[in-house]
Asks: 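This is the structure I want to talk about, given as structure tokens.
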2 protein chains.
Amino acid sequence: MPTKTYHIGVEATMEIIGGKWKSIILCHLRHHTMRTGELARAIPQISQKMLTQQLRELEAANIVARRVYKQVPPKVEYSLTDYGQSLSGILHELCVWGEDNIDRREAAGESITLLNRDDV
Amino acid sequence: MPTKTYHIGVEATMEIIGGKWKSIILCHLRHHTMRTGELARAIPQISQKMLTQQLRELEAANIVARRVYKQVPPKVEYSLTDYGQSLSGILHELCVWGEDNIDRREAAGESITLLNRDDV
DNA sequence: TTCAATTATTACCTTTTGGTGGGTAGGGCA
DNA sequence: TGCCCTACCCACCAAAAGGTAATAATTGAA
């Protein structure tokens, strides 16, 4: 197999939490285990396709655990793995920095809103 | 103007440091002010177009400062702004987490290489 | 019988992102 | 004269990411 080469650590991190949705999903899972529909309601802009696709990728990277209950209608829960928890601090900082960034831009006259702050 | 709406802080952060190149560029600028060509050599995979494009966007977000010397041939230096420095801790953690991620994957048998570790 | 509930898949399309190869500027220098 | 150096801009193309909409599966409840 061809060796995968990284030049700097952050490349690997961004491959895992980068993209439009992964960091948002992880920030929610940081607080509680959540069902699929619960995540979808927490992230109203995401489509069902993107939600499951991103969750699959996070699962493959061993960041997120998927637990299926044998029920009808189906029940599936997602949570951070132990390894995924190691991202928790970074995710929190990313949230806080973004909140501050939005505050600054608003103070600078930009028309901008933040609906939810990281409540932990 | 239409109000820009974010649902969670991390969205705003990722808009600024997300994408394939921005976090890599910032990790380098974290250590020293660098000239354009110096950055290009430090990130050999990047094209000239992407390098300047990403730097322009980081400049617009007030994360990176661009200093032009009136010389021929041209000399341009990039550095983190004071505000950009506020990302330094996060960038470092992103590097370190990625290094650990690569170590784990290698230990798990994946064929994978990391050329440079964050030396600070 | 028909529907509601929940998760997930698929095909198809649009948008965004990134890559390539060319060109410009303008003073120094052979 | 002609070429070098550095930064960087543009036109064009390819690839990746993301969006939309329709559909499956299953079983208890109306």
Asks: Out of the candidates B:L80, B:L94, B:I90, only one should pair with B:L26 under the side chain to side chain contact (heavy atoms under 4.5 Å, CB included) rule; please name it.
Replies: B:L80
Asks: Are any side-chain N or O atoms of B:S23 and backbone N or O atoms of B:G19, one a donor and one an acceptor, separated by less than 3.5 Å?
Replies: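 Between the backbone of B:G19 and the side chain of B:S23 there is no qualifying donor-acceptor contact (under 3.5 Å).
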Asks: Does B:P73 or A:V76 map to a spot on DNA chain C nearer the 5' end, using the closest nucleotide for each?
Replies: A:V76
Asks: May I ask you to say whether B:E15 pairs ionically with B:K22, meaning some side-chain N is under 4.0 Å from a carboxylate O?
Replies: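 No salt bridge links B:E15 with B:K22.
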Asks: Please work out if B:Y78 contacts a base, only the sugar-phosphate, or nothing of the nucleic acid, heavy-atom cut-off 4.0 Å.
Replies: sugar-phosphate
Asks: Where does the chain A footprint on DNA chain D start and end, counting 5' to 3' with a 4.0 Å heavy-atom cut-off?
Replies: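 Result: D:dG18 to D:dT27.
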Asks: Are any of the side-chain nitrogens in B:D100 or B:R105 under 4.0 Å away from the carboxylate oxygens of its partner?
Replies: no
Asks: Nearest whole Å is fine: how far is C:dA25 C1' from B:Q48 CD?
Replies: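 Atom CD in B:Q48 sits about 14 Å away from atom C1' in C:dA25.
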Asks: Whole angstrom is fine here: how far is it from CD in A:E77 over to C1' in C:dT7?
Replies: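 So the CD-C1' distance, A:E77 to C:dT7, works out to 13 Å.
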Asks: Could you tell me which residues satisfy side-chain contact (heavy atoms from CB on, under 4.5 Å) with A:A65, sequence neighbours excluded, listed by chain and number?
Replies: A:S79, A:T81
Asks: To the nearest 0.5 Å, how far apart are CZ in B:R35 and CZ in B:R67?
Replies: 12.5 Å
Asks: Measure CD/A:Q71 against C1'/C:dA5 and give the value in whole Å, please.
Replies: 12 Å
Asks: In chain order, what residues pass the ring-ring contact (aromatic ring centres under 6.0 Å, His included) check against B:W97, with sequence neighbours excluded?
Replies: A:Y83
Asks: If you find the nucleotide of DNA chain D closest to B:K75 and the one closest to A:V72, which residue's nucleotide is nearer the 5' end?
Replies: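 With B:K75 and A:V72 compared, the 5'-side residue is B:K75.
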Asks: Name every residue in residues 16-28 of chain B that has at least one heavy atom under 4.0 Å from any atom of DNA chain C, in order of residue number, or write none if there are no such residues.
Replies: B:K20, B:W21
Asks: Ignoring hydrogens and angles, tell me if any N or O in the side chain of A:Q85 forms a donor-acceptor pair with the backbone of A:D82 under 3.5 Å.
Replies: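 Checked: no pair found.
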Asks: Between C:dA8, C:dG18, C:dT7, spot the one nearest the side chain of A:P74, thanks.
Replies: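 The answer is C:dT7, which lies nearest to the side chain.
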Asks: Tell me which residues in residues 32-46 of chain B put a heavy atom below 4.0 Å from DNA chain D, sorted by number, or none.
Replies: B:R35, B:T36, B:G37
Asks: Please answer whether the main-chain N or O of B:Q54 pairs with a side-chain N or O of B:E57 as donor and acceptor at a distance below 3.5 Å.
Replies: no
Asks: Search all heavy atoms of B:H7 against all heavy atoms of A:P44 and return the closest pair with its distance.
Replies: CE1-CG, 3.9 Å
Asks: Take the protein atom CD of A:Q54 and the nucleotide atom C1' of C:dA8, then report the distance between them rounded to whole Å.
Replies: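 After rounding, the gap between these two atoms is 15 Å.
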Asks: Residues two or more places apart in sequence or in another chain: which of them pass side-chain contact (heavy atoms from CB on, under 4.5 Å) with A:K20?
Replies: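 Once residues adjacent in sequence are excluded, A:K20 has no partner under the side-chain contact (heavy atoms from CB on, under 4.5 Å) criterion.
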Asks: Counting any heavy atom closer than 4.0 Å, what does A:S47 reach on the DNA or RNA strands: base, sugar-phosphate only, or nothing?
Replies: base
Asks: To the nearest Å, how far apart are A:L55 CG and C:dT6 P?
Replies: 17 Å
